[in-house]
Every structure is written in C-alpha cells, then in structure tokens.
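Scope of the values below: all heavy atoms of this structure, side chains included, with no hydrogens, waters or symmetry mates. Quick note on labels: first sequence line is chain A, next is B, and so on, each numbered from 1.
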2 protein chains.
Amino acid sequence: MPKETFYNLSEEKRKKVYDALLEEFSQYSYDSASINRIVKVAEISKGSIYQYFDDKIDMFKYLINAVFEKKIQYMTPVMLNPEGIDVFKLIREMYLTGIKFAQENPKLYLLAIRFMNDKEHPVYKEVMSENFGSADAIFGVFLKNAINRGEVKAEIDIEFVSHIISSLNVTLAEYFMEKNNSNNFDEMMELVDKLLDLIKNGIS
Amino acid sequence: MPKETFYNLSEEKRKKVYDALLEEFSQYSYDSASINRIVKVAEISKGSIYQYFDDKIDMFKYLINAVFEKKIQYMTPVMLNPEGIDVFKLIREMYLTGIKFAQENPKLYLLAIRFMNDKEHPVYKEVMSENFGSADAIFGVFLKNAINRGEVKAEIDIEFVSHIISSLNVTLAEYFMEKNNSNNFDEMMELVDKLLDLIKNGIS
DNA sequence: TAGTCATGCGACCACTTGGTCATATAGTAT
DNA sequence: ATACTATATGACCAAGTGGTCGCATGACTA
C-alpha cells in the first residue's frame, strides 16, 4: 500500500499519479508495464514515485484495491441482503452491475480482466492471497436456496452451474465493451434479459 | 515462418527447439517471453535460433500456426460436413473437441488462451490479420438452420447466442483444465451433457 | 590438399528494466 | 537567521532485452 507521502500529496497531483498508474497497468500486463513510462505520464521523477510506493508490486496492489473498492460501490441493496430474493432477479442485478461497472470504469475494468486472466502469475497469487474467494461461491449459495424454493430444478450440478453463470457475467461485460456502439441503456437491458431467458429456459 | 535451415535440422534437434519455444510462450506472454531462456532450454546458441527464425514474432507465429494445425486435426466428420445435423449434436462435438484438445495439448492450449485474451495487442492484430474469422460465425449459421428446422425457438438473438455458446466452449475447457483431477472421460461427457441441457432447457 | 558452403557460436551492441542514493530544494518552527 | 524535516530529482547501477556479426567448425567437392 502507498506510503503516507502519497496521501500527503495535493489531490491534484495524487490524481495525476493515480491516472498514470491506471493508464499503464490497464494497457500493459504487470510485467510489461514500465515505471519509466508511468513517471513520464505523471510528470514526476523516477525517485519520486518510490517515495510514494515501496515498489512496482505495491503500485499494482494499490490499483487492484481500487478495483475492489469501486466495485463494492456498485453493489445494490438486493445484492447485499439477498435473503429470499428470486435467483434470476439476483443474477440480473449482478449482470447489470458488471456491465455498468465496465462501462463507467473502462480502465479499471481492463486492468481487472487482465489480472484475472493470468491466475498462474505469481503476482496474482500474492495479491489474491490477501483477498477473498471467487465470485462462483455466492451464486452457489443462492442456487441452493432457489432449489429449495422450487425456482430451479434440483438435478443441476450447483458448483458447475455457478461457475457458468459467474463466467457469463464476464462474457457479457466483454461483449458490451467490444461493441462499444451500445452505450444504449435499453439495449443493455434487452440483452441481459435475453441471457437470463437463456439461463432460465434455454433456447430449445 | 521458419527459414529452411530450421527444417534442415535433424528431427530430434528441431523438436528440442520447438519444445523450448512452446515451453516459453505457453508460460509467458509474448512480451515477457525471453529468447535467452529459450536458447538455454533448447541448448543452442543465441545466434543459432536467428538462423532458424527471422525474429521473435516469427517464432511466435510459428507456434500459433501449430495451434491451428493441431486444432484442425481434432475436427470430426460431423464438424466438417454439418449439413442437416442437429445443432445440439454439433455443439456437443465442438465442446468435446475443445476439451480433448486442451487436455492432450496443454501447452498449445495455454498459449492459445493467452493469445486470445489480449486482442488489443499489436502482435494479436498482426498475426490474426493473416488468419480467418472468429468461431462465433459458424454457430450463427447452424443456429439459423436449426431455427428453420424448428429445433431452436425463433425469438433468440442469433449473433448474441452464438457468442455465448462459443465463449462457453472456452469456459468449459478452462473449467476442466483447472480441476485437473477429472481426466475421467465419463465425467467429462457428463459435464458436457449438463451444459448442453442448460443451453437447451435452462435451469428453471 | 584446397576451396566452398551451411551451420554453430557467443561476445557484443544499444537500449530498457526496476530500483537506489546523494544532493538539492522548499517549507516550517524556533 | 538557523536548524530541521519532508520531499523532489536524475545520474547511476546491475541485470536483462532482442538482435547482429565475425569467426570457427566441419562436411562435402574438386
């Protein structure tokens, strides 16, 4: 985590450093990211950035943390207190949240995607050892409840379906970000509902 | 593509170089891959590898090509001549093929995943400009036929569903590779069928 | 034996990497 | 004015990067 010197900076300067970090790490993988480029963009000297952060991984952790913090801000009441809520309503909220986050924080989103895509990287392992479990788990709990309530058929493989639903979340956000023409809110809702219908009823 | 000197090598030596390339590029991204490490593993000199390849990207293209070639070998008769075949049968074949390829060629698979995950990388753009279109398209065609035959309901968004089905292919292979305990063929078939049932009928 | 040719080799090149450190500067408190 | 503290700086470091090149080696030919 950043040293106190970083937080002593004027907000303006601090934001400039933050933006430079985000710009670099959203565009390049951890290994390929260059501190020389960062300090050039931030318009500070090489020595200065090491007054704010211990080292490269410290800078990276700071950004990953920003992703988590920002993502939490997007959580809706339903997601925070989901007892007895219809699973499909919950999944819809999750999907909408995922898309909105990506659209409104494209660089944090890119960084997160890049980060999640290389789970074998030592940096991933180190950073995630300090963080919580996967997103699959939460879907698992809700699926189980939904089965008890009869909303979902009992034969499904909960672990597997959780994983599918969770990864579709990412797929969906990626789909939106790729065809950037659709900043359209209605179109977004429509697609989310199409995917929900697929999960609910299939295509047959 | 490799120079003729590469093909003049004894098969043993050529394989050693190929293995070293694959080892490196399956473990590291294009930028992070190191030619020094490659020549060390292949037990040849730095100068030698530049007798076989023009440059780094040439080495990489050679491997990407190997992925495509190998993948084609896995194509089944049904996939090559899919006229009038049940969509779900086709999807099953595609999924099984994807998993088998990943299990039997884990390093090629890793390389391919890494490669596909960074579509913004200049190397991706260059390499893919010489290759064919996405996998989504093929599903689109078959979905359309399936709708005409009444196997699939007409309301679906073909482009979107194609994308989903196509990306589930990757998700499924990843799922298998992560929990490496399941080299079990029956378990594999079972999971594929579970996913097919989800796509067909949903979980409700 | 001498000449030719394909290949092997590793020192070397210019450049970038993450990180350090002695020094300079500025602001504050006495 | 003086002393102290916090911060800013960029030359510098060792190590690594992709790539080159002159020379060595060895096989085949004349």
Side-chain angles (χ1 to χ4, degrees), chain A residues 1-25 27-64 114 121-124 126-127, chain B residues 1-25 27-64 114 121-124 126-127:
Chain A
M1 287 296 104
K3 305 180 185 177
E4 37 172 329
T5 51
F6 182 62
Y7 295 108
N8 291 344
L9 257 38
S10 72
E11 199 187 321
E12 186 194 14
K13 190 167 182 179
R14 200 169 61 239
K15 180 156 192 331
K16 214 166 160 186
V17 173
Y18 170 83
D19 286 342
L21 283 170
L22 186 52
E23 180 66 31
E24 183 71 9
F25 281 109
Q27 201 150 15
Y28 298 93
S29 72
Y30 177 80
D31 290 316
S32 302
S34 158
I35 283 155
N36 289 324
R37 275 192 302 249
I38 293 169
V39 298
K40 203 179 286 172
V41 170
E43 292 179 285
I44 57 174
S45 74
K46 188 94 161 272
S48 282
I49 204 164
Y50 282 97
Q51 303 247 0
Y52 311 145
F53 299 92
D54 287 330
D55 46 24
K56 193 183 187 181
I57 203 171
D58 194 28
M59 305 174 203
F60 190 70
K61 279 182 190 170
Y62 169 63
L63 284 183
I64 294 294
R114 214 182 285 283
H121 198 292
V123 166
Y124 178 89
E126 183 180 335
V127 172
Chain B
M1 286 296 105
K3 306 180 186 176
E4 36 173 331
T5 51
F6 182 63
Y7 295 109
N8 291 343
L9 256 36
S10 72
E11 199 187 321
E12 186 194 15
K13 191 166 182 180
R14 199 170 61 238
K15 181 158 192 330
K16 215 167 161 186
V17 172
Y18 171 83
D19 286 342
L21 283 169
L22 186 52
E23 180 67 31
E24 183 71 10
F25 281 109
Q27 201 149 16
Y28 298 93
S29 72
Y30 177 79
D31 289 316
S32 301
S34 158
I35 283 154
N36 288 324
R37 276 193 301 251
I38 292 169
V39 298
K40 203 179 287 171
V41 169
E43 292 179 285
I44 57 173
S45 74
K46 189 92 162 272
S48 283
I49 203 164
Y50 281 97
Q51 302 243 337
Y52 311 146
F53 299 92
D54 287 330
D55 46 26
K56 195 183 187 183
I57 202 171
D58 194 27
M59 305 174 202
F60 190 71
K61 280 182 190 170
Y62 170 61
L63 285 183
I64 293 294
R114 212 181 287 283
H121 198 292
V123 166
Y124 178 89
E126 181 180 339
V127 173

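With rounding to whole Å, A:Tyr50 atom OH is found 16 Å from D:dG10 atom P. Atom-to-atom, OH of A:Tyr7 to P of D:dT7 comes out at 14 Å; the value is rounded to the nearest Å. For the pair B:Tyr30 OH and D:dT17 C1', the computed distance is 12 Å after rounding to whole Å. For B:Asp54 and D:dG18, the CG to P distance is 16 Å, given to the nearest whole Å.
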Pair up each side-chain donor or acceptor in residues 46-55 of chain A with any protein partner under 3.5 Å, not counting sequence neighbours, and list the distances.
unit_1, atom_1, unit_2, atom_2, d
A:Lys46, NZ, A:Asn36, OD1, 3.1
A:Ser48, OG, A:Ser45, OG, 3.3
A:Asp55, OD1, A:Asp58, N, 3.1

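Under 4.0 angstrom from either OP1 or OP2 of D:dT7 there lies no side-chain N or O belonging to A:Lys3. Considering only side-chain N and O atoms, A:Tyr52 lies under 4.0 angstrom from the phosphate OP1 or OP2 of D:dA8.
Rounding to the nearest 0.5 angstrom, the gap separating the CD atom in A:Glu43 from the NZ atom in A:Lys13 is 10.5 Å. In this structure, OH on A:Tyr18 lies 15.5 Å from CG on A:Leu9, to the nearest 0.5 angstrom.
For B:Gln27 against B:Arg114, the heavy-atom pair with the smallest separation is O-NH2, 3.2 Å. Nearest heavy atom pair, residue B:Tyr7 against residue B:Arg14, reads O-NH1, 3.4 Å.
At the heavy-atom level, B:Thr5 lies under 4.0 Å from the strands shown only through sugar-phosphate atoms. Contacts of B:Lys46 with the nucleic acid, taken as non-hydrogen atoms under 4.0 Å apart, include base atoms.
A heavy atom lying under 4.0 Å from DNA chain C marks none of the residues of residues 31-43 of chain B.
The shortest side-chain heavy-atom distance between B:Glu24 and B:Met59 does not fall under the 4.5 Å cut-off.
A 4.0 Å heavy-atom criterion places the boundary nucleotides of DNA chain C facing chain B at C:dT7 to C:dG10, written 5' to 3'.
For the pair B:Lys56 (side chain) and B:Ala33 (backbone), a donor-acceptor distance under 3.5 Å is present. A donor-acceptor pair under 3.5 Å links the side-chain atoms of B:Tyr30 to the main chain of B:Ile57, judged by distance alone.
For the pair A:Arg37 and A:Tyr28, the distance from NZ or CZ to the six-membered ring centre is under 6.0 Å and the angle to the ring normal is within 45 degrees.
Positionally, the nearest nucleotide of DNA chain D for B:Asp55 lies more toward the 5' end than for the other of B:Asp55 and B:Gln51.
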